[in-house]
Amino acid sequence: MMEYILLGFSDIPNFQWILFGIFLVLYLTILLCNSVIVLITRIDPTLQTPMYFFLNHFSILEICYVTVTIPRMLTDLLNQKGHISFIACATQMCLVLLFGGLECLLLAVMAYDRSVAICNPLHYCLIMSPQVCVQRVTASWVSGVPVVIGQTRQVFSLPFCGSTTINHFFCDLRPVFKLACGDTFVNEIAVYVVAVVFIVVPFLLIVVSCGKIISNVLQSRSARGRAKAFSTCSSHLTVVVLFYGTASTTYLQPKPNQSEETGKLVSLFYTVLIPTLNPKDVTVALRKLLSKLST
């Protein structure tokens with residue numbers, strides 16, 4: 001097969017322009033907000049802290065993650081064709097899995113950073129030194145790249161025959177599996193294993209970090225401090241639960257239970273809508289950065 005056809009949202013032709021406008025606004029909003037964070041955290045010397053270091057990388061990942069899917073989807077909504085080459089499909093799948101997995105790992109690192117700052121403030125600079133921060137980000141990239149490349153290669157090494165139509169708005173694992181002629185059992189198991197490593201394990205680490213924060217704050221006599229910590233944890237967990245929950249529904253759900261339309265809707269949540277709901281760390285940082293710009 002040299003080319004596939006992405007159906008996208010062609011089943012609702014009367015809403016193509018409405019969807020185009022909505023997704024375009026969301027995409028530009030994500031680009032603008034995250035670009036401001038990246039720019040200011042690079043040029044403002046007062047923001048050279050571990051928290052803003054991780055926010056900088058998280059914002060870069062957000063930009064990369066949405067750019068892999070949304071521009072292609074906007075183009076398909078505009079010309080209503082949906083043709084994508086074999087190489088482009090494989091590349092898109094590889095990048096979506098890579099950036100999505102890195103976001104999962106980085107969210108866990110950010111949660112750990114906040115737990116150290118609140119639970120062990122006296123040793124925070126030592127535990128989260130610049131070298132350690134670079135090592136954690138580098139480790140996320142190093143661990144993710146070979147796994148994702150290997151999984152993408154494994155998927156596109158399957159024998160494909162018959163239909164070339166992918167009932168999705170981007171090249172995702174499940175829709176591509178449905179085009180394969182051979183047995184995909186080994187590939188399904190590989191997907192589950194990778195999903196556990198990049199989704200379940202980071203989620204558990206985030207829960208543990210927030211649990212430590214809550215436990216530490218409950219011992220504090222400051223009502224303001226407790227409210228601030230609970231607010232931070234609840235905001236972070238809201239984004240984490242939505243992102244990890246929808247991703248788990250896609251990559252951990254048994255194959256017979258997958259509905260193509262439901263799969264598209266769930267994927268829409270974690271690739272387009274949830275990136276607009278950044279953790280409170282990002283939102284607060286953005287407000288501070290914009291206030292600096294205004295002054």
Side-chain angles (χ1 to χ4, degrees), residues 58 61-62 64-66 68-69 89-112 136-137 139-158 166-180 182-210 236-275 277 279:
F58 185 80
L61 276 178
E62 285 280 79
C64 295
Y65 187 54
V66 297
V68 173
T69 56
C89 187
T91 302
Q92 186 183 52
M93 178 186 291
C94 183
L95 293 177
V96 167
L97 295 177
L98 175 62
F99 295 137
L102 289 175
E103 279 201 14
C104 291
L105 296 177
L106 198 54
L107 281 170
V109 172
M110 291 169 66
Y112 175 75
R136 293 185 184 277
V137 172
S140 300
W141 279 93
V142 171
S143 62
V145 171
V147 173
V148 169
I149 292 178
Q151 188 167 63
T152 304
R153 181 179 179 278
Q154 186 183 38
V155 170
F156 284 91
S157 297
L158 290 169
I166 300 175
N167 190 8
H168 214 283
F169 59 90
F170 71 94
C171 291
D172 203 3
L173 286 169
R174 296 293 187 181
V176 174
F177 276 151
K178 293 181 179 180
L179 303 182
D183 185 11
T184 61
F185 177 76
V186 175
N187 300 81
E188 295 285 338
I189 296 300
V191 171
Y192 293 141
V193 172
V194 173
V196 168
V197 173
F198 285 91
I199 297 177
V200 178
V201 173
F203 176 74
L204 294 177
L205 293 176
I206 291 172
V207 172
V208 170
S209 297
C210 283
H236 199 87
L237 280 177
T238 299
V239 175
V240 166
V241 168
L242 289 173
F243 182 77
Y244 285 62
T246 51
S248 299
T249 302
T250 299
Y251 298 110
L252 292 175
Q253 187 179 14
K255 187 177 179 180
N257 296 332
Q258 280 282 6
S259 165
E260 292 182 342
E261 298 306 321
T262 302
K264 279 197 289 187
L265 183 61
V266 171
S267 298
L268 191 62
F269 267 92
Y270 70 80
T271 57
V272 180
L273 300 180
I274 294 178
L277 305 174

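If you read the sequence from its start, that first residue is 1, and numbering goes on from there. Keep in mind that the numbers below use all heavy atoms, side chains included, and drop hydrogens, waters and symmetry copies.
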Residue pair [X] / [Y]: nearest heavy atoms and the distance that separates them:
X    : Y    : value
V148 : C94  : CG1-O, 3.0 Å
S209 : A111 : CB-O, 3.7 Å
G144 : L98  : C-CD1, 3.9 Å
Q151 : V194 : NE2-CG2, 3.5 Å
L102 : S140 : CD2-O, 3.0 Å
Q154 : A190 : OE1-CB, 3.6 Å

Hey, does [Y] have a side-chain heavy atom less than 4.5 Å from the side chain of [X]?
X    : Y    : value
V109 : V137 : no
F170 : V68  : no
L97  : L173 : yes
F58  : L107 : yes

(message) Just to verify, what does N187 make a side-chain hydrogen bond (donor to acceptor under 3.5 Å, both in side chains) with, not counting sequence neighbours?
(response)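 Checked N187 against side-chain hydrogen bond (donor to acceptor under 3.5 Å, both in side chains); zero matches.
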What's the spacing between [X] [atom1] and [Y] [atom2] if we round to 0.5 Å?
X    : Y    : atom1 : atom2 : value
L204 : I199 : CG    : CD1   : 12.0 Å
R136 : M110 : CZ    : CE    : 14.0 Å
I166 : F177 : CD1   : CZ    : 12.5 Å
N167 : R174 : CG    : CZ    : 15.0 Å
T91  : F156 : OG1   : CZ    : 8.5 Å
L205 : C104 : CG    : SG    : 11.5 Å

(request) Output all residues satisfying disulfide (SG to SG under 2.5 Å) with C89, sequence neighbours left out; order by chain, then residue number. (result)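 Counting only residues at least two positions away or on another chain, C89 forms a disulfide (SG to SG under 2.5 Å) with C171.
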